[in-house]
Undergrad: 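Got a structure for you, questions after.
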2 protein chains.
Amino acid sequence: MNPAKTGDSARPYHHGDLRRAILAAALDVITVDGPSALSLRDLARRAGVSHAAPAHHFKDRTGLLTAIAAEGYELLAGALAEAEDLRDAGVRYVRFAREHPAYFQVMFTPGLLRDNDLELTTARTLAGERLRAAVTAVPAEGRGPDARLAGVAAWSLAHGFATLLLSHNLDGPVGDQDPEEVFRALTGMLFRSR
Amino acid sequence: MNPAKTGDSARPYHHGDLRRAILAAALDVITVDGPSALSLRDLARRAGVSHAAPAHHFKDRTGLLTAIAAEGYELLAGALAEAEDLRDAGVRYVRFAREHPAYFQVMFTPGLLRDNDLELTTARTLAGERLRAAVTAVPAEGRGPDARLAGVAAWSLAHGFATLLLSHNLDGPVGDQDPEEVFRALTGMLFRSR
DNA sequence: CGGGCAATCTAGTCAGTGTCAAGTTGTGGA
DNA sequence: TCCACAACTTGACACTGACTAGATTGCCCG
C-alpha cells in the first residue's frame, strides 16, 4: 500500500519510466549543486519512489553517473555532426557545455565514472571521431602538416574555454558579452594569418 | 618543542603538525581516488587521530578542500612567476597540472570550494595576475591588438590541454610522447606565422 | 616555580547515505 | 490461464559529516 503523497490519485506500483525520471532529477541536482551533492535517496524521494528503487536501474551511484556521461557524449556527438567547419564545431562544443553544464561536468570529471563501461566508451569514441572529422575537413595547407596535433590544439582550445567558462574563471575577462562570440573572436585572432 | 612523532610507542596527545599531516593524506587520497572519495574520518584514521580532530583545523570537508585549493593557487602562482615568456608560462601551467593533479582538480572543480574564502580568493587573484603578466609581456605586434582576448586564448589552450590530459582524453593522440613537448609543438604550430 | 588557560584532541550522538538481501506487486508471453 | 520475470518495497547494516561536551596537554605570566 502506498503511503501518503502529494497531488494526483494513487500512484501505480510501477512508476512507468522511472529511469528517465531519475536521470532528469539527477541533471537538475547536478546543475544546481554539482555531482558531489548527488544522492540516490534524494532522487528516489523526488520521483516519489522508495529509497532503493534507483539502484535497480543504475546499479550504483557510479552507474548513474556513467549513464549520464554516456548520454552526454551522444548528445555532443549529435551536435558536432551538424558542424559546418572546424570553427563551427568549436562553437558547438562551447554551446553544448553552456546548455548542458551537468552533462559536461560529469563527462570530464575523472574518478566519477566507470571507465570500462561499454555504453560509455562507444559513445565517447563516437564523439571523438566526430571531432577528428571536423579537423581533417580543414584543407591541409590551412591546418599544418600534422592533423593529429591540430586536433589536439582545437580540442584543447574549445575545451579549456568551455571549462573555464563553467567554473566562472572567465567572468571577469568575458564580462557580459556573448561567450560564443568571444570564442569566435578568439579563434579569429589565432588563425587570422591563414 | 615538538615531541617525537614517528615510529615511537605511545602517541603523544598532541600530534605536532596535524594540519600538515591531514593535508598530505588528503592529497594522496585525491590523487588516487578523486575528491569525492575524501572522508574526514578516513584522514583522521590515517593520521592516527580521533575522528573529529580534523574538523578543528578545517571546519568542514569544504574547508579542507578550500585550504587545498588556496595552497594550489599559491603553488601555481610561484611556478608562473619564474616563467620566461608566454609559451614557457603555458608549459609550466601544464607541468603544474601533471605534477600536482590533486591540487589542480580541486582548484577547478566548481561546487567543492567555499568561493568567498579570503585566503582562497587572494591566492586565486595572485595567480591570475601572474598569468596576465605573462601575456602582456608579449610585444603587441605579436599578440594582436586585444591583450585581454589573447590572455583568454592562452589560458584556454593551456587549461584545456592540461584538463584533457588529466582526464586521460589525450592518451590516444599524445601516446607515450612527453606531454610538455607536445604542448610546445602545439603552440609552435598555432603561432608559427608570427 | 606553579597555577591558569587556550589550543588540541577524545568520545559520544545524530541524521543522512549507499548497498545488500529478501519480500511484494504487476505484467507480458507461452 | 498461469507463471516467470521485471519493477518496486521494506528493512537492515556499516559508513559518513557535523555537532557537542569534556579530557589532556603545553606554554605563558605572575
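Just so it is clear, the structure is predicted and the values come from calculations on it, not from any experiment. Per chain, numbering begins at 1; letters A, B, ... match sequence-line order. Heavy-atom basis, side chains included; hydrogens, waters and symmetry copies ignored.
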Undergrad: Regarding B/H51, tell me which of base, sugar-phosphate or nothing describes its non-hydrogen contacts under 4.0 Å with the strands shown.
TA: base
Undergrad: With the side chain counted from C-beta on, respond yes when A/L166 and A/Q105 share a heavy-atom pair under 4.5 Å apart, and no when they do not.
TA: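 The answer is no; the side chains never approach within 4.5 Å.
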Undergrad: Heavy atoms from C-beta onward define the side chain here; which of D/dC8, C/dT19, D/dG17 lies closest to that of A/V49?
TA: D/dC8
Undergrad: If I take atom CG in residue B/L38 and atom P in nucleotide D/dG17, what distance separates them, rounded to the nearest angstrom?
TA: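 These atoms are roughly 8 Å apart.
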Undergrad: Is B/H57 near enough to C/dA7 that one of its side-chain N or O atoms lies under 4.0 angstrom from OP1 or OP2?
TA: no
Undergrad: Starting at CZ of B/R61 and ending at P of C/dG16, how long is that distance when rounded to a whole Å?
TA: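 Atom-to-atom, B/R61 to C/dG16, this comes out as 18 Å.
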Undergrad: Nearest whole Å is fine: how far is C/dT8 C1' from B/F58 CZ?
TA: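 Atom-to-atom, B/F58 to C/dT8, this comes out as 14 Å.
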Undergrad: Strictly by modelled atom types, are B/T62 and B/D60 linked by a side-chain donor-acceptor pair under 3.5 Å?
TA: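 No pair is found: no donor N or O on one side chain lies under 3.5 Å from an acceptor on the other.
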Undergrad: Nearest whole angstrom, please: distance from the C1' of C/dT8 to the CZ of B/R20.
TA: 18 Å
Undergrad: Between atom NZ in B/K59 and atom P in C/dT8, what is the gap in whole Å?
TA: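 After rounding, the reported distance stands at 17 Å.
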Undergrad: Evaluate the ring planes of B/H159 and B/F108, with Trp represented by its six-membered ring, and classify them as parallel (under 30°), tilted (30 to 60°) or perpendicular (over 60°).
TA: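 Perpendicular, since the angle between the ring planes exceeds 60°.
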Undergrad: Going by modelled atom types, is there a donor-acceptor pair between the base of C/dG18 and the side chain of A/R41 at under 3.5 Å?
TA: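 A donor-acceptor contact between them is present.
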Undergrad: Identify which nucleotide among C/dT19, D/dT16, C/dT10 has an atom closest to any side-chain atom of B/S39, counting heavy atoms from C-beta outward.
TA: D/dT16
Undergrad: Choose from C/dT8, D/dA18, D/dG11 the nucleotide whose nearest atom is closest to any side-chain atom of B/H56.
TA: C/dT8
Undergrad: B/L65 has an atom CG; how far is it from atom P of D/dA18, in whole Å?
TA: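 Distance, rounded to whole Å: 11 Å.
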Undergrad: By nearest atom, which of the nucleotides C/dG18, D/dT16, D/dC8 is closest to the B/R45 side chain?
TA: D/dT16
Undergrad: Parallel under 30°, tilted from 30 to 60°, perpendicular over 60°: which one fits the rings of A/Y93 and A/W155?
TA: perpendicular
Undergrad: Let me know the distance between CZ of A/R19 and P of D/dC8, rounded to the nearest Å.
TA: 12 Å
Undergrad: Rounded to the nearest angstrom, tell me the gap between atom CZ in B/R46 and atom P in D/dT16.
TA: 11 Å
Undergrad: Select base, sugar-phosphate, or nothing to describe what B/A52 touches, counting heavy atoms under 4.0 Å on all strands.
TA: base
Undergrad: Contact class for A/A55 (heavy atom, under 4.0 Å): base, sugar-phosphate, or nothing?
TA: nothing
Undergrad: So, B/F96 versus B/H100, ring centres under 6.0 angstrom or not?
TA: yes
Undergrad: Using a 4.0 Å heavy-atom cut-off, does B/D60 contact any base of the nucleic acid, only the sugar-phosphate backbone, or nothing at all?
TA: sugar-phosphate
